[in-house]
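Take a look at the structure below.
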Protein chains: 2
Amino acid sequence: MPVQASNHQKLFLAVDSVIFSVQDNQLNALMIQMQKKPYTNKWAFPGGIIKQNETTEVAARRILKEQAGVSDVYLEQLATFDDPKRDPFGRVVSVAYFALVPANEVKLQDSSKFNNVTWWPVNNLPELAYDHKKIAKTALERLRAKLEYSNVAYSLLPKEFTLSDLQGVYESILGRKLDKRNFRRKILSLDIILPSGNKVTGKSHRPAALYKFKDQKLVYVDIL
Amino acid sequence: MPVQASNHQKLFLAVDSVIFSVQDNQLNALMIQMQKKPYTNKWAFPGGIIKQNETTEVAARRILKEQAGVSDVYLEQLATFDDPKRDPFGRVVSVAYFALVPANEVKLQDSSKFNNVTWWPVNNLPELAYDHKKIAKTALERLRAKLEYSNVAYSLLPKEFTLSDLQGVYESILGRKLDKRNFRRKILSLDIILPSGNKVTGKSHRPAALYKFKDQKLVYVDIL
DNA sequence: TCAAAAGTGTTTCGAGTACACCCATGG
DNA sequence: CCATGGGTGTACTCGAAACACTTTTGA
């Protein structure tokens, strides 16, 4: 509720997005290596200042597309970071988002503005710019929590996947091994996935049945 | 991560706080009746524009004090609301907070800027200004969730309280009755409250033992 | 002695957990 | 035929839930 305007110093509203993906049973986040001082060679999550009349969510999607080449991803607001000293450039308040992308849809964009764009394993991140370490921590906590009480995992997997794939997503994010039989029984009893009817062929072992999520949108269920 | 400045229109950063309190086994939120057009007589959560170099949390505490007369309350960031049309005044992005105050510490401030300041039962709110209905919904969801996996209830109760008081807080927020014996067994087994040694006297029934929370800060435990 | 809330145990049921072997395939 | 991951069932334990009566006090 605005009571009075008392805004003299320039204030910028930015977004930063933590983009997660599970690749080879490892949880990764997409990061950009910076060139600008004072954070030369430090890494940061993709982000930027919002445009005129742009909502932060729209800005986040735009920047995801521009800097990381991803669209149609799961995106949710994380939190707002507003320490006046968080950015040496000035007063930049950042609304952080977190995004989930399936491993198979990842294709990195090459941007000349940055030194480098790559995936980093979240349990071994490089030195981060700004307050991005704090953002990373918040994002990871949120992701772990959400995994346990919703079907968000759908947005980290391709349309069809095996139960082992799904278990791998859980294990890599939660950072612990799960029992195969118990995991399968639980997931199947929740009525959130269905057999697609297809199988994985060409592997030198028994073919795995493929499943798909019933809903391609967030549903709350107690998983673990 | 700021990439470029592209801020022409004036943008204001505001905070709005949903202040909850349980009184007479009813969950209430503190609201202010507005005078300004176009929301004359509509109700809104206390809030305002942040000051120079002020963090949103500091601003939230300042406004809580100014408009509601409360300090030292539990306060946590809720979410940021940024629809460009949410405020007819201009582009006002609001970082919403939610606060919890014990019933006994409530003393309302009289502010000449507003028509009226009062507690409203959350399940019977009046017509709200701005997008405050959405904020209310988000706050309530968060409070309910948090009650189930943390000891936040400590911030809604006085230092000493009876088990019935505590159960009343849970029932009024969750909106359902709980079994007295199961509730007590569970709460006591969690090792988050301790008997204070005192009892409530002067009531025409058996005196109730008083308890206190072990920690006066947020602790995560599975309560329900 | 009555009204009003405090306090207290037991049984039942289901979910979570631990645990080990056979199956289907490609090489 | 062997290596590789896929797929399956049972027993145990513990917490969740349902449920009703006795106790202490002030009026």
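Predicted, not measured: the structure shown is a model, and the values here were computed from it. Just so we're on the same page: letters track the sequence lines, and every chain starts at 1. Below, all heavy atoms of this structure are taken into account, side chains as well, without hydrogens, waters or symmetry copies.
Taking Lys217(B) as the reference, nothing meets the salt bridge (Lys or Arg N to Asp or Glu O under 4.0 Å) condition, with sequence neighbours excluded. Remark: Asp131(A) pairs with Arg86(A) by the salt bridge (Lys or Arg N to Asp or Glu O under 4.0 Å) rule, at least two apart or across chains. Lys186(B) meets the salt bridge (Lys or Arg N to Asp or Glu O under 4.0 Å) test with no other residue; sequence neighbours excluded.
Looking at Arg144(A) and Glu148(A), no side-chain N of the basic residue comes within less than 4.0 Å of a carboxylate O on the acidic one, giving no salt bridge.
Using the six-membered ring where Trp is involved, Phe161(A) and Phe213(A) have ring planes that are tilted, between 30° and 60° apart.
Phe161(B) has its CZ atom 20 Å from the P atom of dA5(C), to the nearest Å.
Glu171(A) contributes no side-chain N or O that, together with a main-chain N or O of Asn25(A), makes up a donor-acceptor pair within less than 3.5 Å. A donor-acceptor pair is defined here as one N or O able to donate and one able to accept, closer than 3.5 Å; such a pair exists between the side chain of His132(B) and the backbone of Phe45(B).
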Run the side-chain contact (heavy atoms from CB on, under 4.5 Å) check on Leu147(B) and Val152(B) step by step: do they pass?
CA-CA 6 Å; Leu147(B) 208 61; Val152(B) 253; 4.1 Å; yes
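Contacts between residues 165-174 of chain B and DNA chain D, defined by a heavy-atom separation below 4.0 Å, involve no residue at all.
Defined by atom type and a distance below 3.5 Å, a donor-acceptor pair is missing between the side-chain atoms of Glu57(A) and Thr55(A).
Note: Leu13(A) CG to Thr56(A) OG1 = 7.0 Å, rounded to the nearest 0.5 Å.
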Can you check each nucleotide of nucleotides 7-15 of chain C against protein heavy atoms at under 4.0 Å and return B for base, S for sugar-phosphate only, - for none, in 5' to 3' order?
BBBB-----
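In summary, contact between chain A and DNA chain D, defined as any nucleotide atom under 4.0 Å from a heavy atom of the protein, begins and ends at dA3(D) to dT10(D) in the 5' to 3' direction.
For the pair Gly202(B) and Ile223(B), both in contact range of DNA chain D, the more 5′-proximal nearest nucleotide belongs to Ile223(B).
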